[in-house]
S.K.: 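Can you read through this structure? Questions will come right after.
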Amino acid sequence: IFIRKFPKQKGDMAAASNPTSQEGAATSTSSQQQQPNLDAITDDDFEYVDEEFVSNYTPEEAVQPQPTEPMIPDLFKQPPLVKDDLITDTSKLQDQTVEHCLPFLAGQDGPLELNDYGLPRLNREKHIKFLKQSLGPLPGRFVGMDASRPWFLYWCLSGLTMMGEDVSSYRESVIATARTMQNESGGFGGGHGQLSHLATTYSVILAIALVGGEEAYNVIDRKGMWKWLCTLKQPDGGFQVCVGGEEDIRGAYIAAVVITLLDLPLDLTPESPAYDGGRSNLLTGMAEYVRSCQTFEGGISSQPNNEAHGAYAFCALACLALLDNPRRIIPRHTDTQTSRQLTALSSPLTSYLDIPRLVSWLSYRQYAPEGGFSGRTNKLVDGCYSHWVGGCFPLIEACLSPSGSGSEKENNKTATSGLAAAPESLYNREGLIRYILSCCQDQTKRGGLRDKPYKMSDAYHTNYVLSGLSSAQHQWDLDSDPLPLPEGETTPTMAALGADSIWNVFPFIDDNDQVYEDSDRVRPIHPAYAIPQKNVAGIRAYFQGRSGFA
Ligand code: FPP
Ligand code: K
Ligand code: ZN
């Protein structure tokens, strides 16, 4: 039996229980009816109603409590109450963005059917159709995106997978396409004859993992990949994104993904710029490189001394989470009391980020009333940061939670719903979900998801908005404690210390704040690889089975 909460309006209750009360009549203007004072609603105004029970009642018997208007908290209905007096181009754009978002947040985006909380449903059919179309031949104006063809594969297959589609029927076409993109010198380019790049290599490998199957895995030239990665490895621990290209934190994250998914040998070839006679390997100095990208703001930049940006915060956390157990490697001791509390579980020698500062920076990324995240200080909300910023929280929450909290949660099932009580979050999940469902869906027949209202939907935003929705709708628990590091080591030089971490996932159920129906929950994806756990397990199992380059 599903138990569901219906909000009741304070005014209705007062009128029903005390018909002689003048108070309601005297103060109730029509505009107040449209805008009930939500602050005046207390917990007593909510009750559990058994839907089955209600539906078996005749209308005369049952007064079915219905909200008179969608339950939208003021936080998501009004411009910010505290504002800076300084007016600049930046502040004007920010104000304009709020003006654009408010009607969508208030459920006034056309004649849509809204749920009790004022939110449109996830328009799966339209988004699925949009992604399937984006996988097919694209019009001529997309010629500039030619080198991004592998990205389209990943974005579309990943988005479809999260919405519950079986993408194995794309296996043959992914195999044929990937073959043309692979270079003899290792790695994948954006198309036939294009230079290998880590970004295109990452998206081809994830696309292969998503369609799955030995024939697809077998396309990857592991030996070439290993040699190529060795030529990208730099003496300071990081990776260039292509031969002679820039070294940045995307390179480090993607290298960690490729090394662990393909179970590559870690030895460096003598051709590697980082080769030092056998003391260093592919992982040496990588975590230090990640640390060097944390900025004065607490966020992470693409390279040391650049501006902190959400996309790089995800790369940093996910990279560390693949190198070692996040509980050990992510936090770093500092002298403040908060830091001591937050890093109580970690060892000072082996952890790499100042988490209190990073959490502070990440928290500043979530805006009200928009509810979504921006990518950097003084910039605008954008749906894709639902993943780049939102995707940081499962990694941070997991590394700060006590070990084994997943199984504890199972035992704490509440009697009424049979579901786990919602733990606290480091960000406002309701706000993000409101932004995604209200502002990021293209409700025309085009479908797809987008940056913000009045922007065009595209495959990139469709995928990353859905990834962000997925992380907001799930709770991840790291179920493994750090294994001891090898004798004398203070830094990860072994693959799989992190990639082997066991993660448990639960639907995030919040009895107070779940503002969407369970049918609008998308599938979970691995917090660091950003594809489902079963696809990670499939490709890893295939390559772990082979020693050397047979
Ligand atoms: C700014 O764009 C965007 C960046 C500085 C970084 C973008 C990088 C990624 C999205 C992904 C990197 C990760 C991998 C794994 C390849 P903008 O100025 O248009 O947007 P903004 O105003 O929101 O900052
Ligand atoms: K942007
Ligand atoms: Zn974006």
Side-chain angles (χ1 to χ4, degrees), residues 89-90 93-94 96-97 147-148 150-155 158-159 187-188 190 197-207 232 238-242 245-258 261 290 293 295 297 299-303 305-322 361 364-367 370 372-392 395 432 435-436 439-440 442 448-468 525-531:
D89 286 352
T90 303
L93 264 178
Q94 172 58 27
Q96 191 194 65
T97 303
S148 298
W151 277 120
F152 275 78
L153 285 178
Y154 166 60
W155 298 328
S158 163
F188 294 88
H197 193 289
L198 277 177
T200 44
T201 298
Y202 168 79
S203 35
V204 170
I205 291 178
L206 293 188
L232 300 177
F239 287 79
Q240 286 181 340
V241 290
C242 60
E246 67 272 30
E247 176 189 11
D248 66 28
I249 200 157
R250 293 172 306 165
Y253 164 58
I254 294 171
V257 168
V258 174
L261 284 185
V290 171
C293 295
T295 80
E297 286 191 283
I300 313 285
S301 58
S302 60
Q303 298 167 327
N305 303 315
N306 278 357
E307 183 186 5
H309 195 281
Y312 306 125
F314 178 80
C315 291
L317 288 165
C319 177
L320 293 178
L322 295 177
W361 183 88
Y364 273 100
R365 304 277 62 72
Q366 189 166 29
Y367 292 172
E370 301 95 305
F373 296 111
S374 67
R376 44 181 164 153
T377 304
N378 277 331
K379 299 231 61 188
L380 306 173
V381 68
D382 176 343
C384 64
Y385 303 131
S386 309
H387 168 71
W388 298 117
V389 176
C392 291
L395 293 162
L432 181 64
Y435 182 69
I436 290 174
C439 295
C440 295
D442 183 323
L449 294 122
R450 63 191 175 193
D451 164 347
K452 58 172 68 65
Y454 309 109
K455 297 269 182 182
M456 291 285 259
S457 59
D458 58 56
Y460 164 86
H461 285 92
T462 303
N463 175 55
Y464 290 119
V465 171
L466 290 171
S467 305
I525 51 173
H526 187 287
Y529 291 108
I531 54 174

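Counting starts at 1 for both ligands and their atoms, in listed order. These figures come from a predicted structure and were not determined experimentally. Only heavy atoms go into these numbers, but all of them, side chains included; no hydrogens, no water, no symmetry mates.
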S.K.: Just do the ring pair (Phe, Tyr, Trp, His ring centres under 6.0 Å) check on Y312 and W388 with the steps written out, would you?
M.R.: CA-CA 8 Å; Y312 306 125; W388 298 117; 8.5 Å; no

S.K.: Would you kindly say whether E370 and T97 are connected by a side-chain donor-acceptor distance under 3.5 Å?
M.R.: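 Not at all, the side chains of E370 and T97 share no donor-acceptor pair under 3.5 Å.
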
S.K.: Step by step, would you call L206 with L261 a side chain to side chain contact (heavy atoms under 4.5 Å, CB included)?
M.R.: CA-CA 9 Å; L206 293 188; L261 284 185; 4.0 Å; yes

S.K.: Are a donor atom and an acceptor atom from the side chains of Y367 and S374 found within less than 3.5 Å of each other?
M.R.: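 Y367 vs S374: donor-acceptor pair found between side chains.
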
S.K.: Please find the pair of heavy atoms, one from V204 and one from P150, that lie closest to each other, and give the distance.
M.R.: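 It is CG2-CB, 3.6 Å.
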
S.K.: Y312 near ligand 1, heavy-atom distance under 4.0 Å?
M.R.: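 Checking ligand 1 against Y312, which is what was asked, there is a heavy-atom contact under 4.0 Å.
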
S.K.: Given that the side chain starts at C-beta and the backbone is N, CA, C, O, which of these parts of S302 lies under 4.0 Å from ligand 1, counting heavy atoms, or is it both or neither?
M.R.: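 Within the 4.0 Å criterion, S302 makes no contact with ligand 1.
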
S.K.: Is it the case that ligand 1 has an N or O less than 3.5 angstrom from some N or O of D382?
M.R.: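 No, since none of the N or O atoms of D382 sits under 3.5 Å from an N or O of ligand 1.
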
S.K.: Any nitrogen or oxygen of R250, side chain or backbone, less than 3.5 Å from one on ligand 1?
M.R.: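 Looking only at distances, the answer is no, because the N/O contact criterion of under 3.5 Å is not met.
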
S.K.: Side chain, backbone, both or neither: which part of A199 comes within less than 4.0 Å of ligand 1 when only heavy atoms are counted?
M.R.: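 Looking at A199 and ligand 1, no heavy atom falls under 4.0 Å.
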
S.K.: For a ring pair (Phe, Tyr, Trp, His ring centres under 6.0 Å) check, start with the C-alpha distance between Y364 and W361, then their side-chain angles and the critical distance, and finish with the verdict.
M.R.: CA-CA 5 Å; Y364 273 100; W361 183 88; 9.6 Å; no

S.K.: In D382, the N, O or S atom nearest to the Zn ion (ligand 3) is which?
M.R.: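 Restricting D382 to its N, O and S atoms, the minimum distance to the Zn ion (ligand 3) goes to OD2.
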
S.K.: Side chain, backbone, both or neither: which part of Y460 has a heavy atom under 4.0 Å from ligand 1?
M.R.: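 It is the side chain that gets close, since no backbone atom is under 4.0 Å.
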
S.K.: Between ligand 1 and W388, can you find any atom pair, the residue atom being a heavy atom, that is separated by under 4.0 Å?
M.R.: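 W388: in contact with ligand 1 (<4.0 Å).
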
S.K.: Heavy-atom distances under 4.0 Å are what count here, so tell me which part of F314 touches ligand 1: side chain, backbone, both or neither.
M.R.: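 F314 to ligand 1: no contact under 4.0 Å from either part.
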
S.K.: Is the distance from the Zn ion (ligand 3) to some N, O or S atom of D451 under 2.8 Å?
M.R.: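 So D451 does not bind the Zn ion (ligand 3) by this criterion.
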
S.K.: Evaluate W155 against T462 for side chain to side chain contact (heavy atoms under 4.5 Å, CB included), listing each step before the verdict.
M.R.: CA-CA 8 Å; W155 298 328; T462 303; over 6 Å; no

S.K.: With a cut-off of 4.0 Å, which atoms of ligand 1 are near a heavy atom of Y385?
M.R.: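 Listed by number with element: 20 (O), 21 (P), 23 (O), 24 (O).
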
S.K.: Please determine if Y202 has a nitrogen or oxygen closer than 3.5 Å to a nitrogen or oxygen of ligand 1.
M.R.: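 Checking ligand 1 against Y202, no N or O pair falls under 3.5 Å apart.
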
S.K.: Any chance you could measure F239, atom CZ, to E246, atom CD, to the nearest 0.5 Å?
M.R.: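 Taking CZ in F239 and CD in E246, the distance rounds to 15.0 Å.
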
S.K.: Numbering the atoms of ligand 1 from 1, which are under 4.0 Å from a heavy atom of A311?
M.R.: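 Ligand 1 atoms under the 4.0 Å threshold to A311: 8 (C), 9 (C), 10 (C), 11 (C).
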
S.K.: Tell me which N, O or S atom from H461 is the closest to the Zn ion (ligand 3).
M.R.: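 Of all N, O or S atoms belonging to H461, NE2 is the one nearest the Zn ion (ligand 3).
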
S.K.: Name the one of Y202, F188, Y464 that satisfies ring pair (Phe, Tyr, Trp, His ring centres under 6.0 Å) with W151?
M.R.: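 That would be Y202; it is the only one of Y202, F188, Y464 passing the ring pair (Phe, Tyr, Trp, His ring centres under 6.0 Å) with W151.
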
